[in-house]
There are 2 protein chains.
Amino acid sequence: MAKRVLGELCSEALPDEHRLDTAVHIKHLQAGDCLFSAEEQHPNVYFIRNGMIKMVYETMDGNAWIKAFSEEGKFFASLMALEPGGKTSFSTYAVCDTTVEQLPYKVLIELANSHPVWQKVLRRAFEIYGFKKETREKELLTLSPEERYVRFIKDREELAGRLTDRDIASYIRVTPVALCRIKRRVRDMGTLIYCIDDRGENHEN
Amino acid sequence: MAKRVLGELCSEALPDEHRLDTAVHIKHLQAGDCLFSAEEQHPNVYFIRNGMIKMVYETMDGNAWIKAFSEEGKFFASLMALEPGGKTSFSTYAVCDTTVEQLPYKVLIELANSHPVWQKVLRRAFEIYGFKKETREKELLTLSPEERYVRFIKDREELAGRLTDRDIASYIRVTPVALCRIKRRVRDMGTLIYCIDDRGENHEN
DNA sequence: ACAATAAATTAACCCAGGTTAACGACAACA
DNA sequence: TGTTGTCGTTAACCTGGGTTAATTTATTGT
């Protein structure tokens, strides 16, 4: 079980894997439930068995911006919270009914310290995390909200289909109202492009 | 020498350290020089001996947005370029005259595979990288341009002092013109706050 | 010291996203 | 069946950043 969840990282059997089974704590969440809140100490790594989790930064002025989504089969954690004494800067909520496996980071560190293979798996996990964050950073820096929306819908179609527009807006980093306008614009542009493709000229205006 | 550069990660002596010295390639750059360009294969890790490097995303419409700065004593790499066959999505330039040590990632992987301590050092490096990216992501998602500017100037005063406003703007993710307006606003607000602090009331308007 | 180039500032105009509010669609629930 | 509440959509207005261009202020080079 813990093994299945490691699939993203490593296909071989790993030493002392049973230690995971004893350390893992299963949690069932209903849609909207909070997994953990910002400012808490949460030195844990989570594996999503099924469902979906959203990680959100809540600002003082009452806004909430979604940092990332994590689906079944994926793992996640708050890096800040993994540091000794560190605290999460974001909260996590279940997007729909969700089951997660919670594993104290300490256990992974111990495994890593006694088995080089585990150290490697851990390193690989951070590599993947950094990779994703690098991508997100690039999107936030180089794309307009509209471009971010189009790419999100295209690249993560299945995921987007399970979300409310509200959450999509929050991830795109735009208000729900703005997302509506963007959707309309994209829709109109869509028919525009259709016209051009179809007749070879633009029939709008 | 390679040892000094690892200071950020590990204080103890590491096995086979001499392999670094033979694999490291020193590069001297003048202000403005390009270290490597986007779309290149660059499976290397860089340590900055002195000077400063900026990592920049160059968009198709001719814009350039600075992803991050790296100063002396720090290391950096393009995670995408470290993946087998991967390519950088950003370019790097020297902000001022700069000396870097270039190390093939392959060497680090080999060291990591033969020595658990090295595996750990590598893991720690990715931890730190993810940590920084998490912070940057939070700033981009939750702060306004003005807030990003104020925080940048406050948190990284020394670094900011060595940059042109142009580069600061590019990091804040606004145009140089917008940065000017922001600076003026902040300046005015500064005197405003001064008034309030000093006399207990607001003398503007 | 002066010319040439780049960087920073300011003004004017445009536009996309933020904000508030109103309305219709839909689901959950008594 | 009606009520309540949430979600998506639209309209109206406001604001701050983008854009262009002109001007002033550093920097550089000779």
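Numbers restart at 1 for each chain; the letters A, B, ... are given by sequence-line order, proteins then strands. When reading the values below, keep in mind they use all heavy atoms of this one structure, side chains included, and skip hydrogens, waters and symmetry mates.
- Across D:dG18, D:dG17, D:dT10, the shortest atom-to-atom separation from the side chain of B:Arg173 is found for D:dG18.
- The interatomic distance linking B:Glu147 (CD) with D:dG17 (P) rounds to 11 Å, in whole Å.
- Rounded to whole Å, atom C1' of C:dA16 lies 17 Å from atom OH of A:Tyr149.
- Residue B:Leu179 contributes atom CG, which lies 10 Å from atom C1' of C:dA8 at whole-angstrom precision.
- With rounding to the nearest 0.5 Å, the separation of OH in A:Tyr57 from CZ in A:Arg173 is 13.0 Å.
- The CG-P distance, from A:Leu141 to D:dG17, rounds to 16 Å in whole Å.
- Using a cut-off of 4.0 Å between Lys/Arg side-chain N and Asp/Glu carboxylate O, A:Glu134 and A:Lys138 are scored as not salt-bridged.
- Contacts of A:Arg181 with the nucleic acid, taken as non-hydrogen atoms under 4.0 Å apart, include base atoms.
- Defining each end axis of the helix from C:dA1-D:dT30 to C:dA30-D:dT1 as the rotation carrying four pairs' C1' atoms onto the next four, with five pairs an end, the two axes are found to diverge by 50° to 10 degrees.
- When atom types are taken as modelled, the side chain of A:Thr88 and the backbone of A:Glu40 share a donor-acceptor pair closer than 3.5 angstrom.
- The distance from atom CZ of B:Arg185 to atom C1' of C:dT10 is 15 Å, rounded to the nearest whole Å.
- Contact check, A:Lys183 against D:dG8: no side-chain N or O comes under 4.0 Å of OP1 or OP2.
- In summary, B:Arg123 and B:Glu127 engage in a salt bridge, as defined by a charged side-chain N under 4.0 Å from a carboxylate O.
- When the C1' atom of D:dT19 is taken as reference, atom CG of B:Asp61 falls 13 Å away, rounded to whole Å.
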Quiz item: When every nucleotide of nucleotides 21-30 of chain C is labelled 5' to 3' by its protein contacts under 4.0 Å (heavy atoms), B for base, S for sugar-phosphate only, - for none, what sequence of letters results?
Solution: ----------
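- Not a single donor-acceptor pair under 3.5 Å links the side chain of B:Ser70 to the backbone N or O of B:Phe76.
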Please set out all donor-acceptor pairs under 3.5 angstrom arising from side-chain atoms of residues 26-34 of chain A, sequence neighbours excluded.
residue : atom : partner  : partner atom : Å
A:Lys27 : NZ   : A:Gln102 : OE1          : 3.4
A:His28 : ND1  : A:Thr99  : OG1          : 3.2
A:Asp33 : OD2  : A:Gln30  : N            : 2.8

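- One N or O on the side chain of A:Glu17 and one on the backbone of A:Leu14 form a donor-acceptor pair closer than 3.5 Å.
- The interatomic distance linking B:Asn63 (CG) with D:dT20 (P) rounds to 11 Å, in whole Å.
- Annotation: proximity of residues 152-167 of chain A to DNA chain D (heavy atom, distance under 4.0 Å) is found for A:Thr164, A:Asp165, A:Arg166, numbered in ascending order.
- Atom P of nucleotide D:dC7 and atom CD1 of A:Ile168 are separated by 13 Å, given to the nearest angstrom.
- A:Thr175 has no side-chain polar atom (N or O) that falls below the 4.0 Å cut-off from OP1 or OP2 of C:dG17.
- Taking the centre of each ring, A:Phe75 and A:Tyr46 stay at or above the 6.0 Å mark.
- For A:Lys67 and A:Glu137, the salt-bridge test fails: no basic side-chain N is under 4.0 Å from an acidic carboxylate O.
- Evaluation of the side chain to side chain donor-acceptor pair (under 3.5 Å) test over residues 140-155 of chain B, restricted to residues two or more places apart or in two chains, returns B:Ser144-B:Glu147, B:Glu146-B:Arg185.
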Self-check item: Summary of protein contacts for nucleotides 24-30 of chain D, nucleotide by nucleotide, where a base hit scores B, a sugar-phosphate-only hit scores S (4.0 Å, heavy atoms)
Solution: -------
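- At a threshold of 4.0 Å, the pair A:Glu72-A:Arg49 does not count as salt-bridged, since none of the basic side-chain nitrogens sits closer than that to a carboxylate oxygen.
- Comparing A:Val174 and B:Cys180 by the nucleotide of DNA chain C that holds the closest heavy atom to each, the one mapping nearer the 5' end is B:Cys180.
- Side-chain N or O atoms of B:Glu58 include none that pairs as donor or acceptor with a backbone N or O of B:Asn63 at under 3.5 Å.
- For the pair A:Glu139 and A:Arg156, the salt-bridge criterion is not met [side-chain N within less than 4.0 Å of a carboxylate O].
- Under a 3.5 Å cut-off, the side chain of A:Ser91 and the backbone N or O of A:Ala38 do form a donor-acceptor pair.
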